[in-house]
Amino acid sequence: MVCPSWLSFILYNPIRKACTDRERILDESGITGDSVVLEVGAGNGFLTEALAQRARKVYAVELQEKMIRKLYRRVRQYGELVSIIHGDIASLVLREAADVCLLYYSFHEVDRKREAADVISMAVRAGGILSIYEPTIEVGKLQMQETTGLFAQRGFAAEAVRNGFLTRFARLRKTG
């Protein structure tokens, strides 16, 4: 289930901001100043803001119109650096190639995972990175393995996997 926009305060609040090392997430995801990043499930901009401060370009995909309004307010200061795409990742046609696709606490909420994996796989350039973070409370080890397997079928190979207390993480690289 997608987090409703009226609950967006839990996605971006001082406690979460203090407890989440956004720089580590960007480092683990291989995001540099030269990176073109596809962020799927941008929500109200918790990571988009940090991405905009580091990456060359950010394409932020968000499904909910009310979240997009909040996202826009958070990132408007970055101008053309952040492009907001309103839509379901499973139905989009993305024209720009991404160096990194970041799925932060979002892929478990996608209804049509196979179609979404197809779109993401087409968007990430050869040699690019897919970085997946999921909450352990909602995504078990088996479900995370199914997700990484879905992308392995589309030409991604695992580079790093971690099952932490609150977060499961996998970084995959597109081999073909």
Could you name each residue pair satisfying ring pair (Phe, Tyr, Trp, His ring centres under 6.0 Å) that touches [range], not counting sequence neighbours?
range	result
residues 50-69	none
residues 140-176	Phe107-Phe151, Tyr133-Phe169, Phe151-Phe156
residues 64-87	none

Side chains of residues 91-99: which donor-acceptor partners sit under 3.5 Å, not counting sequence neighbours?
unit_1	atom_1	unit_2	atom_2	d
Ser91	OG	Arg112	NH1	3.3
Ser91	OG	Arg112	NH2	3.3
Asp99	OD1	Arg125	NE	2.6
Asp99	OD2	Val36	N	2.7

I'd like to check the side chain to side chain donor-acceptor pair (under 3.5 Å) partners of [X]; sequence neighbours left out, ordered by chain and number.
X	result
Ser35	Thr32
Thr136	none
Arg69	none
Arg76	none

- Is it the case that one hydrophobic cluster holds both Val119 and Leu150, taking links as side-chain heavy atoms less than 4.5 Å apart, direct or via other members?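 Both belong to a single hydrophobic cluster.
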
- Query: How far does OH of Tyr104 sit from CG of Leu51, to the nearest 0.5 angstrom?
  - Reply: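 Answer for the OH-CG pair, Tyr104 versus Leu51, is 11.5 Å.
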
- Query: Hey, are Lys57 and Ser83 close enough side-chain-wise for a donor-acceptor pair under 3.5 Å?
  - Reply: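 There is such a pair (donor and acceptor under 3.5 Å, judged by atom type) between the side chains of Ser83 and Lys57.
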
- Message: So Leu38 and Val124, do their side chains get closer than 4.5 Å, heavy atoms only?
- Response: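 No, their side chains stay 4.5 Å or more apart.
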
- Message: For residues 126-135, which residue pairs pass the salt bridge (charged side-chain N to carboxylate O under 4.0 Å, His left out) check, not counting sequence neighbours?
- Response: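 For residues 126-135: none.
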
- Can you tell me which residue pairs pass the salt bridge (charged side-chain N to carboxylate O under 4.0 Å, His left out) test with a partner in residues 165-176, sequence neighbours excluded?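 For residues 165-176, and leaving out neighbouring residues, the salt bridge (charged side-chain N to carboxylate O under 4.0 Å, His left out) pairs sorted by first residue read Glu159-Arg171, Glu159-Arg173.
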
- Task: Inspect the surroundings of CZ in Arg114 and state if more than 12 heavy atoms from other residues, nucleotides or ligands are less than 6.0 Å away.
- Result: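 Not more than 12 within 6.0 Å, no.
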
- Query: Excluding sequence neighbours, so at least two apart, what forms side-chain contact (heavy atoms from CB on, under 4.5 Å) with Leu142?
  - Reply: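 Once residues adjacent in sequence are excluded, the partners of Leu142 under the side-chain contact (heavy atoms from CB on, under 4.5 Å) criterion are Gln145, Glu146.
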
- Message: Taking side-chain contact (heavy atoms from CB on, under 4.5 Å) as the definition, give me every residue that meets it alongside Thr48, ordered by chain and number, with sequence neighbours left out.
- Response: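 Expected list: Glu39, Ala42, Val58, Ala60, Leu71, Val75, Val82.
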
